[in-house]
Participant: 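Just passing along the structure, written as structure tokens.
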Amino acid sequence: MEKRQDIVVGLIFVGIGIAAAWMATDYNGASGIYPMVLGLVLTLLGGAVAVKAARSPRNEVRPLVDAPSKMFTAALVATIYVALVVPFGFYTASILLMLVMPLALGFRQIGYAAVVAAVFMSLVYLVFSVLLEKPLPREAILTFISTGG
């Protein structure tokens, strides 16, 4: 993309972030804090992209996607992930995603990917279930185990 496109994309994300933060103000009680923070983070990151592009002296044309086959692979894996969240549960589907996506894109250090997946999902659990006290729905695998198969 050219410099102008980076500025426009950054400003689009600024707009989306502001809109998300604004809509979160209508949520009841503390339920709007998380989406508001995400909207503000999106605003800051979009602003950083736009400012960086505006300050950059370079303005050459770049391809939109360096590896189209990997983009389609990632989109396919993400689509399968979304389809698996309901039957498998969020945590199970997310761990599978974090193991399959790197492999599908050519990363071959499965041990490293497994450690990253475990650490990340532990952090997600701590944030949602412990810090925010918003547990996600029961995992399908736990339901299956507790009923004895």
Participant: So, taking the atom named CE in M98 and the one named CE in M121, what distance separates them when rounded to the nearest 0.5 Å?
Facilitator: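 Spacing of CE (M98) from CE (M121) equals 7.5 Å.
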Participant: So does Y81 have more than 12 non-hydrogen atoms from other groups sitting under 6.0 Å from OH?
Facilitator: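 Yes, enclosed.
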Participant: Can you tell me how far apart CG (L103) and CD1 (I110) are? Round to the nearest 0.5 Å.
Facilitator: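 L103 atom CG to I110 atom CD1 measures 4.0 Å (nearest 0.5 Å).
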Participant: If Ile, Leu, Val, Met, Phe, Trp and Tyr residues are connected whenever their side-chain heavy atoms lie under 4.5 Å apart, and connections chain through other members, are M36 and I18 in the same group?
Facilitator: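 Looking at the clustering, I18 is in a separate group from M36.
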Participant: What is the minimum heavy-atom distance between A21 and L40, and which atoms define it?
Facilitator: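 Here A21 and L40 meet closest at CB-CD2, 4.0 Å.
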Participant: Can you give me the closest heavy-atom contact between L97 and P102, atom names plus distance?
Facilitator: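 For L97 and P102, the tightest heavy-atom pair comes out as O-CD, 4.0 Å.
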Participant: Less than 4.5 Å apart, any side-chain heavy atom of I95 and any of F120?
Facilitator: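 In short, these two side chains do not touch, never coming nearer than 4.5 Å.
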Participant: One pair to check against side chain to side chain contact (heavy atoms under 4.5 Å, CB included): F88 and L96. What are the steps and the verdict?
Facilitator: CA-CA 10 Å; F88 284 9; L96 288 173; 3.7 Å; yes
Participant: Indicate the atoms forming the closest heavy-atom contact of A53 with D6, along with that distance.
Facilitator: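 For A53 and D6, the tightest heavy-atom pair comes out as CB-CB, 3.4 Å.
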Participant: What's in the same ILVMFWY side-chain cluster as W22, cut-off under 4.5 Å, chained through other members?
Facilitator: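 Via sub-4.5 Å side-chain contacts, W22 links to none.
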Participant: Which heavy atom of G39 sits nearest to which heavy atom of A20, and what is that distance?
Facilitator: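 Of all heavy-atom pairs spanning G39 and A20, the closest is CA-CB, 4.1 Å.
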Participant: Supply the members, apart from I33, of the Ile/Leu/Val/Met/Phe/Trp/Tyr cluster built from side-chain contacts under 4.5 Å; use none for a lone residue.
Facilitator: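 Via sub-4.5 Å side-chain contacts, I33 links to V37, V41, L45.
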Participant: Atom CZ of residue position F107 - does it have more than 12 heavy atoms of other residues, nucleotides or ligands inside 6.0 Å?
Facilitator: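 Atom CZ in F107 is crowded, with more than 12 foreign heavy atoms closer than 6.0 Å.
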Participant: As an exercise, state the distance from CD of Q5 to CD1 of I12, rounded to the nearest 0.5 Å.
Facilitator: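 Result: 10.5 Å between the selected atoms.
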Participant: Counting only heavy atoms not in R108, do more than 12 sit closer than 6.0 Å to its CZ atom?
Facilitator: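 Result for CZ/R108: enclosed.
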Participant: To the nearest 0.5 Å, tell me how far R55 CZ sits from K3 NZ.
Facilitator: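 Spacing of CZ (R55) from NZ (K3) equals 11.0 Å.
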Participant: Hey, is the main chain of S69 close enough, under 3.5 Å, to the side chain of T73 for a donor-acceptor pair?
Facilitator: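 Yes.
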Participant: Within the 4.5 Å heavy-atom criterion, are T43 and F13 side-chain neighbours or not?
Facilitator: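 With C-beta onward as the side chain, the pair stays apart.
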